[in-house]
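Note that ligands are numbered from 1 as they come in the structure, with each ligand's atoms numbered from 1 the same way. Along the sequence shown, residues carry numbers from 1.
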Amino acid sequence: MPHASATHRRHSLFRPLLLAVAGALVATATLTLPHLTPDASAATTLRGYADGRGVKIGAAVGDGPLTSDGSYASVLDREFNSVTAENAMKWDALEPSRGNYNWAAADRLVSHAAAHHQGVRGHTLVWYSQLPSWLKNGGFSASQLNTILKNHIDTTVGRYKGKIYAWDVVNEAFNEDGSMRGSLWQDKLGTGYIANALRWAHAADPAAKLYINDYNTEADNAKSDALYALAKQLLAQGVPLHGIGFQSHFTVGQVPSSMKANLKRFSDLGLEVSVTELDIRIPMPASSAELAQQSTDYKTATENCLGVPRCAGVTVWGVSDRYSWVPGTFSGYGAALPYTESYAAKPAYTGLSNGLNPNA
Ligand code: 9MR
């Protein structure tokens, strides 16, 4: 017993001192932590804001950078709650020779996403471009092509059943004037290939949201009018179409003024809308005024989607200017993404963040 009381006395003596030390530590931590780790608060990342609004903020991901560039992966995982395969799920990548599938890069992305609590947008099942040559030059009949397409959709959507929340089933099916774009599918099968592809994809994964995706459809124009008419018709026929993807490859200062109203008319049909491939290119070298305008444009484009009912989210077509497709396609243009080549957040990042933050 004497021991117990001595111990008790010692505690009583030390308690004020311990409390003072603990209090000082808490105060120090409170004062210094935010300065030491500015990115530590999930609420201030892009994905923190997106999660708070129940939407996706995605990025297109290349297999090269994902597997070889640690800085890339750490920004991707900190900032984005959704990923799209930039190329790995296209037909030429998945089935380079007939019946021989190469899943490696696509599987890598899907398991990376699961490990980092990211959703996956599937891109893309039916497209005129990036077809393997055995398919493009195979001289197949309509009925053979139908079977090939169904097999490809069954196999690909089936493999990732439950792991892909949305699929770009049909990509870039229209010409600028609203007519159907000539392609292997359109030319041999007619426009009916679109309804068939949607039905097959739905059977293979009933939970995935199925999209038609295109570019230069963000404004109210001939191309978006044709897409609207097709969407309405497919819905009237009971075809499982759930969403429309607006790629949104813009030039600085040129986010279309009719974008929000245009997205809203699709949403009013009961469809989801998503910005699926946002980037905003600048003539190089980019001036600080252009970078500031780009920031405004990122905010506007994001708000144009999030301000519409049934906007599921915004995906940017890459993370950093280091790997963007833009300079290789639009000679003299670049700097289209939210991060510089060395992963500094650009004014565009702030614009995107403010577009996602309801209190900005
Ligand atoms: O960014 C992609 C690039 O790496 C590929 O070389 C290119 C091939 O067509 O496709 C790019 O992604 C496109 C997307 O799949 C569909 N919409 C336009 C995108 C930019 O070209």
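Those atoms of ligand 1 with a heavy atom of Asn171 less than 4.0 angstrom away are 16 (C). Ligand 1 places these atoms under 4.0 Å from at least one heavy atom of Trp325: 1 (O), 20 (C), 21 (O). Using a 4.0 Å cut-off to heavy atoms of Gln247, the atoms of ligand 1 that qualify are 17 (N), 18 (C). Near His249, meaning under 4.0 Å from one of its heavy atoms, ligand 1 places the atoms 18 (C), 19 (C).
Geometrically, Arg265 engages Tyr228 in a cation-pi contact defined by less than 6.0 Å to the ring centre and at most 45° from the axis. By the 6.0 Å and 45° rule, Arg281 stacks over the aromatic ring of Phe330. Under a cutoff of 6.0 Å and an axis angle of 45°, Lys56 and Phe80 do not form a cation-pi pair. Under the 6.0 Å distance and 45° angle rule, Lys188 does not count as a cation-pi partner of Phe140.
When each of Trp317, Trp91, Tyr160, Tyr211 is paired with His123, the ring pair (Phe, Tyr, Trp, His ring centres under 6.0 Å) condition holds for Trp317 and for no other.
Atom 4 (O) of ligand 1 has Asn87 ND2, 2.9 Å as its closest protein atom, hydrogens excluded (heavy atom only). The protein heavy-atom contact nearest to atom 18 (C) of ligand 1 is Glu277 OE1, 3.2 Å. Protein heavy atom at the shortest distance from atom 9 (O) of ligand 1 is Gln130 OE1, 2.9 Å.
Rounding to the nearest 0.5 angstrom, the gap separating the CG atom in Leu241 from the NZ atom in Lys209 is 11.5 Å.
At least one N or O atom of Trp317, backbone or side chain, sits closer than 3.5 Å to an N or O atom of ligand 1.
Here Arg47 does not pair with Glu79 in a salt bridge; the nearest charged N to carboxylate O distance is not below 4.0 Å.
Looking at Glu86, His123, Glu172, Lys90, it is Lys90 that brings a heavy atom closest to atom 10 (O) of ligand 1.
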